[in-house]
Amino acid sequence: SMRSKIWESFEHMFRERHPDTITLSDVEDWRDSRKWRLQPTTMNMELAACSAVWTTLERMDMVGANPFKKARRLPVKKSLPKFLPWDDAVAILDKCAAHSTEMGLAATLMLMGGLRIGEVLRARWEDVDWDRGTMLVNGTKTDASLGRINLHPSLRERLEPYRVAAGLMVTMSESSLRCKWSALAPGVTPHQMRHTIATH
């Protein structure tokens, strides 16, 4: 399947032309005509694949110099890692807790409970069943995401000092929470905390 896709890309570029007539300029025009429809990483993979096909033909003395080798690759934004080292995540949690009770609770629910930011803002104290050691999570994505999670000992330990009978755990708006988060944890998204607890 992959080989046929590579060959299709190669043939798509050349159509009926003989490879010896293809220049670096032709390759870059082809790249630019397709870059709006493809992710940069996909376009770069296609360029690399076509270069590999050309190299094979070159070894068989069927074509001349490889114009794909000099074709500029598209810049790719470095994506954030899905999760953080545990010590780094706990350091962010402690920094949030030192800033304010609400930020500490928000970070705790994200890291120790794996809640999404919308679920953090819906979390209520009455959703915590301290006797059974569970917490109801009001899902924000689908009805299926409504459910109970077990109170991990670390989560319970961090929630216990702030425990009240009822009410929202975090009362700030989403924009305020995101703004404070970006100041306290620059370069880290709240969702990375969810991935961090899931991974570790």
Side-chain angles (χ1 to χ4, degrees), residues 1-93 95-96 99 103 106-107 110-111 114-120 140-142 145 173-200:
S1 170
M2 183 60 76
R3 283 175 184 161
S4 85
K5 278 188 175 179
I6 291 169
W7 190 252
E8 278 171 27
S9 293
F10 192 74
E11 286 186 317
H12 178 269
M13 183 197 163
F14 296 125
R15 309 269 175 178
E16 309 256 330
R17 294 176 64 179
H18 189 279
D20 279 338
T21 66
I22 304 299
T23 65
L24 174 59
S25 177
D26 293 325
V27 171
E28 292 189 336
D29 287 345
W30 175 74
R31 177 203 63 206
D32 292 342
S33 71
R34 292 170 55 80
K35 72 180 182 182
W36 308 111
R37 291 174 295 171
L38 300 172
Q39 292 290 331
T41 48
T42 306
M43 188 68 245
N44 290 343
M45 283 171 58
E46 283 205 6
L47 286 168
C50 288
S51 182
V53 171
W54 190 288
T55 300
T56 303
L57 296 175
E58 203 175 11
R59 286 183 189 144
M60 297 163 69
D61 293 326
M62 295 175 69
V63 291
N66 187 345
F68 288 95
K69 279 190 178 173
K70 292 184 179 176
R72 187 178 52 80
R73 301 303 192 245
L74 298 177
V76 177
K77 287 182 184 175
K78 288 188 177 178
S79 59
L80 293 169
K82 283 262 189 191
F83 64 93
L84 304 172
W86 186 251
D87 291 343
D88 292 355
V90 172
I92 290 170
L93 195 159
K95 192 174 180 182
C96 289
H99 176 270
M103 281 306 296
M110 284 183 236
L111 179 63
L115 274 64
R116 299 177 182 93
I117 199 163
E119 294 164 347
V120 167
T140 54
K141 277 199 160 183
T142 65
S145 62
S173 67
E174 182 173 343
S175 57
S176 176
L177 175 54
R178 286 188 183 278
C179 188
K180 287 179 181 179
W181 179 270
S182 62
L184 292 166
V188 176
T189 67
H191 207 74
Q192 280 175 280
M193 302 297 259
R194 176 179 169 82
H195 283 290
T196 297
I197 186 65
T199 303
H200 288 287

Whether the Thr23 and Asp26 side chains hold a donor-acceptor pair (N or O, under 3.5 Å, no angle test) is what I'd like checked.
yes
Thr56 side, atom OG1; Met60 side, atom CE - distance, nearest 0.5 Å:
8.0 Å
Please tell me if the side chains of Leu84 and His195 come closer than 4.5 Å, counting only heavy atoms from C-beta onward.
no
Minimum heavy-atom distance Ala65-Glu58, with the two atoms named:
CA-OE2, 3.7 Å
Determine whether Asp88 and Phe83 make a side-chain contact, defined as any pair of heavy atoms from C-beta on separated by less than 4.5 Å.
no
Tell me every residue that passes side-chain contact (heavy atoms from CB on, under 4.5 Å) with Arg31, counting only those two or more places apart in sequence or in another chain.
Glu28, Met43, Leu47, Arg72, Leu74
Rounded to the nearest 0.5 Å, what separation is found between the CZ atom of Arg194 and the NZ atom of Lys82?
11.0 Å
Under the side-chain contact (heavy atoms from CB on, under 4.5 Å) criterion, do Lys69 and Leu24 qualify, and how do the steps go?
CA-CA 9 Å; Lys69 279 190 178 173; Leu24 174 59; over 6 Å; no
Count the heavy atoms of every other residue, nucleotide or ligand shown that sit under 6.0 Å from CD of Gln39, and state whether that count exceeds 12.
no
For the CE atom of Met103 and the CG atom of Leu184, what is their distance to the nearest 0.5 Å?
5.0 Å
Looking at Leu111 and Ile197, what are the two nearest heavy atoms and their distance?
O-CB, 2.9 Å
Roughly how far, to the nearest 0.5 Å, is CD of Gln192 from CE of Met110?
12.0 Å
Sidechain-backbone polar pair: His99 side chain, Trp181 backbone, donor-acceptor under 3.5 Å:
no
Distance check, rounded to the nearest 0.5 Å: Thr196 atom OG1 versus Leu93 atom CG?
11.0 Å
Considering all heavy atoms, the nearest Trp54-Gly64 contact:
NE1-O, 3.0 Å
Rounded to the nearest 0.5 Å, the CD1 atom of Ile22 sits from the CG atom of Asn66 at a distance of 11.5 Å
